[in-house]
Amino acid sequence: MEDEANGTLHPSCGASEPPYSQELLRSLDLTGRFLFAILTLMTLIANLVFIEEAVYIYRKIPSSKRSVIIWINAAAPVIATTSCIGMWIPRSTMFTDFTAAVFFAIVIHKFLLMMIKECGGQKLLLRRFENDRFKISTGPCCCCCLCLPRVPITRRTLFWLKLGTFQFAFFRPVLVFLSIVLWTNGNYTLYNLSPKGAAIWISCFIGVLTIIALWPVGIMFQQVRTLLICKKIIPKFALYQFILILNHLQAAIINILAMQRVIPCAPPLSSAARGAYMTHQLLIMEMFLITLISRVVYRRQYDDLEPLECTAEEAGDNKQTPKIIQNGAVSEDGLPRV
């Protein structure tokens, strides 16, 4: 900071590339090395907790829901692992961020499938809500458009909801591949958001795809949250939202601050590299906590939903036994109660 005030900058502050891992490790003091060790241990524990949880899910959860739940539980450990690699090897930041982004794009699609499977599958979901309608005026697309009509719950609407999340799981890896190809040719730089660079246009397109993918998840959650309250769908959805906000919004805010040099450089890290460095450290701690909470939420065995036939029979019995009030006494089928 003093060098910047005097008009002289350390060479690393103007560097376009992050330092090599050897340079970073040599610059660490005792506190920095202790922090590296603690964060690496957190990542290791998060992965061990996930492996134990995956074994439990494989043994206890029905096969129809097994793979989906494992995918969703793997989100936090995978992000923690990629962040730990990016912390140790700063020059791998672009690739570790791409890996985490692609994985979470798949998790968004898997979360929608999980809500459908928790309702008993697509056929049972259609039967349970055959007379209901989807409320599409929900976030992040149309939360302010209250005038939008409700959409009938049919096989076609479910197909469009699945397609809305699947497109992101498909196009995100394609855009990552395109970014890497442009990076090899010098046309893509992670921290260069000028209109002449490819990064700003790819980022804007990814933002639109992300909003489109989050919309079906919000629509489905609004519809099934009451039915699946016994399955703790609200805490599960909250964990999914936390991962989304921390991995995308928090990282974007820190990167913008770093590019504007609000976050000062700290040799051998430039402002942009230090922003990514801080993001990785924060994500490791946050994903560690989310991994532990996910183990508590997903490990519990919840009761199955009430069979649809029983619900229909109870509703029919209630309709077939009208209650008549005679002389202040309630009777059923017109017969006085003794």
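The figures that follow rest on heavy atoms only: side chains count, while hydrogens, waters and symmetry mates do not. By convention here, the first residue in the shown sequence is residue 1.
A distance-only check finds no donor-acceptor pair linking the side chain of R225 to the backbone of I233 [under 3.5 Å]. In terms of modelled atom types and a separation under 3.5 Å, the side chain of S179 and the main chain of A199 share no donor-acceptor contact. Looking only at distances, a side-chain donor or acceptor of Q167 sits under 3.5 Å from a matching main-chain atom of L209. Using a distance-only test at 3.5 Å, with no hydrogens or angles considered, a donor-acceptor pair links the side chain of N255 to the main chain of A251. When atom types are taken as modelled, the side chain of T43 and the backbone of T81 share no donor-acceptor pair closer than 3.5 angstrom.
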Item to complete: Give the C-alpha distance, both sets of side-chain angles, the deciding distance and a yes or no for side-chain contact (heavy atoms from CB on, under 4.5 Å) between F103 and T99.
Response: CA-CA 6 Å; F103 191 89; T99 303; 5.6 Å; no
Item to complete: Assess whether side-chain contact (heavy atoms from CB on, under 4.5 Å) is satisfied between E53 and I57, documenting all intermediate values.
Response: CA-CA 6 Å; E53 178 68 10; I57 292 172; 3.7 Å; yes
Worksheet item: Please walk me through it: do L158 and M220 pass side-chain contact (heavy atoms from CB on, under 4.5 Å)?
Response: CA-CA 9 Å; L158 281 182; M220 181 62 70; 3.5 Å; yes
Fill in: Full working for side-chain contact (heavy atoms from CB on, under 4.5 Å) between L41 and F288
CA-CA 10 Å; L41 181 62; F288 171 75; over 6 Å; no
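Counting only heavy atoms from C-beta outward, the side chains of Q260 and S271 never approach each other to under 4.5 Å. Looking at M285 and L39, their side chains come closer than 4.5 Å, going by heavy atoms from C-beta outward. At least one side-chain heavy atom of L113 sits less than 4.5 Å from a side-chain heavy atom of K162. Proximity of I290 to L246: side-chain heavy atoms (C-beta onward) are separated by under 4.5 Å at one or more points. The shortest distance between side-chain heavy atoms of F168 and I212 does not fall below 4.5 Å. Using a 4.5 Å heavy-atom cutoff, the side chains of H280 and D97 are in contact. Contact annotation: the side chain of I79 never approaches that of E286 to less than 4.5 Å [non-hydrogen atoms, C-beta and beyond]. Between I180 and V176 the shortest side-chain heavy-atom distance falls below 4.5 Å.
Linking Ile, Leu, Val, Met, Phe, Trp and Tyr residues whenever their side-chain heavy atoms come within less than 4.5 Å places F34 and M87 in a single cluster. There is a path of hydrophobic side-chain contacts, each under 4.5 Å, that joins L178 to F98. Linking Ile, Leu, Val, Met, Phe, Trp and Tyr whenever their side-chain heavy atoms come within less than 4.5 Å leaves I256 and M94 in two separate clusters. W215 is connected to F170 through a chain of hydrophobic side-chain contacts under 4.5 Å among Ile, Leu, Val, Met, Phe, Trp and Tyr, so both are in one cluster. Cluster annotation: L182 is connected to F205 through the hydrophobic network of ILVMFWY side chains, with a link wherever side-chain heavy atoms come within less than 4.5 Å.
Residues T279 and I254 come closest through the heavy atom pair OG1-CG2, 3.4 Å. Taking every heavy atom of both residues into account, P268 and L24 meet most closely at CG-CA, 4.2 Å. For N247 against A100, the heavy-atom pair with the smallest separation is ND2-O, 4.4 Å. Residues K110 and I72 come closest through the heavy atom pair O-CD1, 3.9 Å. Considering every non-hydrogen atom in both F104 and A75, the closest pair reads CD1-CB, 4.3 Å. Summarising the geometry of M287 relative to A76, their closest heavy-atom pair is CB-O, 3.4 Å, with the distance given to 0.1 Å.
Environment of OH in Y277: crowded, with over 12 heavy atoms of neighbouring residues, nucleotides or ligands closer than 6.0 Å. Annotation: F95, atom CZ; neighbour count of heavy atoms from other residues, nucleotides and ligands within 6.0 Å is above 12. More than 12 heavy atoms of other residues, nucleotides or ligands sit less than 6.0 Å from atom CG of L249.
Taking the six-membered ring where the residue is Trp, Y240 and F237 present tilted rings, their angle falling between 30° and 60°.
Summarising the geometry, atom CG belonging to L25 is positioned 6.0 Å from atom CZ belonging to F36; distances are rounded to the nearest 0.5 Å. Between L239 atom CG and K232 atom NZ the span is 13.0 Å, to the nearest 0.5 Å. Summarising the geometry, atom OG belonging to S270 is positioned 7.5 Å from atom CZ belonging to R261; distances are rounded to the nearest 0.5 Å. Between atom CD1 of residue I263 and atom CG of residue L257 there is a gap of 5.0 Å, rounded to the nearest 0.5 Å. With rounding to the nearest 0.5 angstrom, the CD1 atom of I51 is 13.0 Å from the CG atom of N73. With values rounded to the nearest 0.5 angstrom, R91 atom CZ is found 4.0 Å from Y20 atom OH.
In summary, the aromatic rings of W71 and F111 are positioned with their centroids too far apart to meet the 6.0 Å limit.
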